[in-house]
Colleague: 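Here it is, the structure in full.
Please read all numbers here as calculations on a predicted model, not as lab measurements. Residues: numbered from 1 along the sequence shown.
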Amino acid sequence: CVSVSLLSVVAIIVLVIAGLSRTVVGQSRAPFASPPPGSPPAKIRPYSEFAGCPEEPAQFHPCAQEKAKTFNPPRTADGKPDFQGYWNRIGIRNLENIEEHPESIDGSGDRSSVVDPADGRIPYQPWAAAKREAHFEKYLDAGQFCLPDGAPRFGYGATKFVVQTPGYVFMLNDYADTYRIIPTDGRPHLGPDIKLWQGDLRGRWEGNTLVIDATNQLAETTMDHIGNFFSQNAHVVERITMIDKDVIYYTATIEDPKVFTRPWTMAWGWRRNPNPKYEMWEQGCWEGVQSALKYTDEGRKRSRGAFQK
C-alpha cells in the first residue's frame with residue numbers, strides 16, 4: 001500500500017517537473033521559455049528572503065558575497081567549514097529554465113539565475129541559441145528519465161544530503177538517488193577521453209569556500225527542461241560558501257568555447273532543512289517515469305544532447 005502510494009506521488013512529480021502536459025506539447029515555444037529581448041518582466045511568484053538577502057539571484061549574489069566576507073562558519077573536526085545536513089535550493093525554484101521565465105506548470109516562475117552577463121542571458125553562439133530554441137518541441141531531457149544530473153544542475157536539483165570526511169565531500173540527491181563523491185585530496189583529473197554523466201569532480205578548499213572543478217561530462221546532460229546545454233568540452237567551476245548557519249551561497253561558472261561566446265556565471269543558494277526528524281527515502285523514480293510517460297512523451301524522444309547524430 002505504501003509502495004503504491006509512493007509510486008503515485010513520483011508519477012505526479014514526474015509530470016510536474018517535466019512540464020510536458022498535452023496542452024503544451026506541439027507549441028513552437030515552451031510556456032516557460034525565456035521572454036524575447038526587450039520584453040517586460042515575466043509574471044512570477046514573489047521571492048522570499050534568506051539570511052538577510054533577497055532570494056532573487058541578481059540580488060542574492062552581491063548580498064551573499066558581502067555576507068561571506070564576515071561569516072565564520074561552523075567547523076568539522078578537521079577544521080573545514082561544516083556543510084553537513086539536509087539542504088533545499090533557493091533562488092532557482094524549478095528546473096524548467098535557468099533563464100527568466102513566467103509562472104507556468106510549476107507555479108512559481110523565476111528571474112534569471114545568470115548573474116554574468118548582467119542581462120541574464122546565456123551567451124550562446126548563434127547556432128547554439130537556435131539549437132536550444134528547438135529542443136523542447138522535439139525532446140525530453142535525460143533528467144526526466146532519472147539519469148544523473150551533471151554540473152551545475154546537480155547543485156540546484158532536489159533536496160541534498162551532505163556528509164564530509166577528511167579528503168572527501170559526499171552529496172546525495174533525493175531525486176533518483178543520484179550522488180557525488182568529491183575528493184579534496186589534490187588528485188589530478190581523469191584523462192580527457194573518459195566521459196561521465198556527472199563529470200570528473202575534484203574539490204579543493206579556498207578559505208571557507210569549497211571549489212568543485214568539473215570536467216569530462218557527457219554532452220547528453222542539459223541544465224534544465226528547456227534544453228540549455230553545453231558540449232563534452234565544458235569546464236564548470238562551482239563555488240560553495242556558507243553565509244549563515246542555515247544558508248549557503250552557490251555559484252557556477254561555465255566555460256565552453258564550442259558553444260558559448262564567453263564564460264558565464266549563475267548563482268543560487270541552499271537553505272537548511274530545519275526539520276530534525278527529516279528522512280530521505282528511496283525514490284521509485286524509474287517506476288514513476290514509466291507510469292507517466294504515456295501522458296508526457298507525445299512522440300518525443302530522449303535527448304542525446306545537442307550534438308546527437
Side-chain angles (χ1 to χ4, degrees), residues 2-3 6-7 9-10 13-14 16-17 48 50-51 55 64 71 73-95 142-144 146-185 196-205 208-214 221 223 236 238-252 267-289:
V2 173
S3 61
L6 285 174
L7 289 178
V9 170
V10 170
I13 292 172
V14 169
V16 173
I17 67 170
S48 300
F50 298 93
E55 183 187 8
F71 181 69
R75 305 278 171 178
T76 59
D78 61 346
K80 300 298 189 290
D82 190 349
F83 298 161
Q84 296 180 104
Y86 294 99
W87 300 89
N88 300 320
R89 68 182 177 225
I90 56 176
I92 298 178
R93 298 184 294 190
N94 59 72
L95 294 181
Q144 293 162 243
C146 306
L147 293 167
D149 294 333
R153 181 167 168 167
F154 186 98
Y156 49 84
T159 297
K160 303 289 182 295
F161 178 53
V162 179
V163 175
Q164 294 169 237
T165 64
Y168 289 92
V169 177
F170 173 80
M171 298 180 181
L172 175 65
N173 188 338
D174 76 349
Y175 180 69
D177 304 311
T178 54
Y179 59 88
R180 287 173 153 185
I181 300 175
I182 306 161
T184 58
D185 55 7
L196 305 169
W197 275 103
Q198 300 200 71
D200 184 43
L201 306 174
R202 295 292 182 265
R204 66 181 184 272
W205 292 96
N208 291 333
T209 298
L210 175 62
V211 181
I212 303 173
D213 194 271
T221 61
M223 290 178 273
V236 181
E238 302 176 357
R239 302 180 67 87
I240 307 173
T241 310
M242 189 173 285
I243 62 170
D244 178 272
K245 65 181 181 64
D246 295 324
V247 179
I248 280 176
Y249 165 51
Y250 207 126
T251 67
W268 66 97
W270 288 356
R271 61 177 176 85
R272 190 184 299 278
N273 187 320
N275 183 356
K277 297 182 179 181
Y278 180 80
E279 295 180 355
M280 186 178 286
W281 291 4
E282 180 182 1
Q283 186 189 67
C285 183
W286 180 245
E287 294 87 344
V289 165

Colleague: Once rounded to the nearest 0.5 Å, what's the spacing between atom CG of Asp185 and atom OH of Tyr168?
Modeller: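 Answer for the CG-OH pair, Asp185 versus Tyr168, is 5.5 Å.
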
Colleague: May I ask you to check whether over 12 heavy atoms, not counting those of Phe161, lie within 6.0 Å of atom CZ?
Modeller: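 Yes - once you tally the heavy atoms of other residues, nucleotides and ligands closer than 6.0 Å, there are more than 12.
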
Colleague: Hey, mind stepping through Ile248 and Lys160 against side-chain contact (heavy atoms from CB on, under 4.5 Å) and telling me if it holds?
Modeller: CA-CA 12 Å; Ile248 280 176; Lys160 303 289 182 295; over 6 Å; no

Colleague: Do Tyr179 and Ile181 have side chains that approach each other closer than 4.5 Å (heavy atoms only, starting at C-beta)?
Modeller: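 SC-SC contact between Tyr179 and Ile181 confirmed.
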
Colleague: Considering all heavy atoms of both residues, which atom of Asp174 and which atom of Ala158 are nearest to each other, and what is their separation?
Modeller: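 Shortest heavy-atom contact: OD1-CB, 2.7 Å.
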
Colleague: Which atom names give the shortest non-hydrogen contact between Cys146 and Ala176, and what distance separates them?
Modeller: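 Closest approach of Cys146 to Ala176, heavy atoms only: O-CB, 3.7 Å.
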
Colleague: In sequence, state the C-alpha distance, the side-chain angles, and the governing distance for Trp268 and Ile90, and then conclude on side-chain contact (heavy atoms from CB on, under 4.5 Å).
Modeller: CA-CA 6 Å; Trp268 66 97; Ile90 56 176; over 6 Å; no

Colleague: Please name the pair of heavy atoms, one in Met171 and one in Val162, separated by the smallest distance, quoted to 0.1 Å.
Modeller: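 That would be CG-CG2, 4.2 Å.
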
Colleague: When rounded to the nearest 0.5 angstrom, what is the spacing between OG1 in Thr178 and CG in Leu172?
Modeller: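 Between atom OG1 of Thr178 and atom CG of Leu172 there are 7.5 Å.
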
Colleague: With a 4.5 Å limit on heavy-atom distance, are the side chains of Pro81 and Met242 in contact?
Modeller: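 Counting from C-beta outward, Pro81 and Met242 never come under 4.5 Å.
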
Colleague: Looking at Phe170, is its backbone amide N or carbonyl O close enough to the side chain of Gln164 to form a donor-acceptor pair, meaning the two atoms are under 3.5 Å apart?
Modeller: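 It does not hold such a pair.
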
Colleague: Would you compute the distance between atom CG of Asp149 and atom CE of Met223 and round it to the nearest 0.5 angstrom?
Modeller: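 Reported value, rounded in 0.5 Å steps: 12.0 Å.
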
Colleague: Return the OG1 to CG distance between Thr159 and Asn273, rounded to the nearest 0.5 Å.
Modeller: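 Interatomic distance, Thr159 OG1 to Asn273 CG, rounded to 0.5 Å: 6.5 Å.
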
Colleague: Could you grab the distance from atom CZ of Arg202 to atom CD1 of Ile182, nearest 0.5 Å is fine?
Modeller: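 If we round to the nearest 0.5 Å, Arg202:CZ and Ile182:CD1 are 10.5 Å apart.
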
Colleague: Would the distance check show the side chain of Arg153 and the main-chain N or O of Gly157 forming a donor-acceptor pair, the cut-off being under 3.5 Å?
Modeller: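 Not a single qualifying donor-acceptor pair exists.
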
Colleague: Between the side chains of Asn208 and Arg75, is a donor N or O closer than 3.5 angstrom to an acceptor N or O?
Modeller: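 On atom types as modelled, these side chains qualify, holding a pair under 3.5 Å.
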
Colleague: What pair of heavy atoms forms the shortest contact from Ala267 to Thr251, and how long is it?
Modeller: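 Distance-wise, the nearest heavy atoms are CB-CG2, 4.1 Å.
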
Colleague: What distance do Asp244 atom CG and Phe50 atom CZ have between them, rounded to the nearest 0.5 Å?
Modeller: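 Asp244 CG to Phe50 CZ: 11.0 Å, rounded to 0.5 Å.
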
Colleague: Do the two ring centres, one from Trp205 and one from Phe83, sit under 6.0 Å apart?
Modeller: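 Ring centroids of Trp205 and Phe83 are less than 6.0 Å from each other.
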
Colleague: Check whether Arg272 reaches the backbone of Lys245 with its side chain - one donor and one acceptor, N or O, closer than 3.5 Å.
Modeller: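 Answer holds: yes.
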
Colleague: Passes side-chain contact (heavy atoms from CB on, under 4.5 Å), Thr184 versus Leu210? Steps please.
Modeller: CA-CA 9 Å; Thr184 58; Leu210 175 62; 4.2 Å; yes

Colleague: Is Arg180 salt-bridged to Glu238, cutoff N-O under 4.0 Å?
Modeller: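 Looking at Glu238 together with Arg180, the answer is yes, because their closest N to O distance falls below 4.0 Å.
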
Colleague: Ignoring hydrogens and geometry, is there a side-chain-to-backbone donor-acceptor pair from Arg89 to Tyr156 under 3.5 Å?
Modeller: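 It does hold such a pair.
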
Colleague: Is there a donor-acceptor contact under 3.5 Å from the side chain of Trp270 to the main chain of Gly155?
Modeller: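 The answer is yes, because a donor-acceptor pair under 3.5 Å joins these two groups.
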
Colleague: Locate the shortest heavy-atom distance separating Pro166 from Asp78; write the atom from each residue and the value.
Modeller: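 Result for this residue pair: CA-OD2, 3.7 Å.
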
Colleague: Is the backbone of Gly91 close enough, under 3.5 Å, to the side chain of Glu55 for a donor and an acceptor to pair up by distance?
Modeller: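 Looks like yes, one N/O pair under 3.5 Å.
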
Colleague: Step by step, work out the side-chain contact (heavy atoms from CB on, under 4.5 Å) result for Phe154 and Asn173.
Modeller: CA-CA 8 Å; Phe154 186 98; Asn173 188 338; 3.7 Å; yes

Colleague: Side chains of Asp82 and Thr76: do they bring a donor and an acceptor to under 3.5 Å?
Modeller: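 Note: Asp82 and Thr76 side chains miss the donor-acceptor criterion.
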
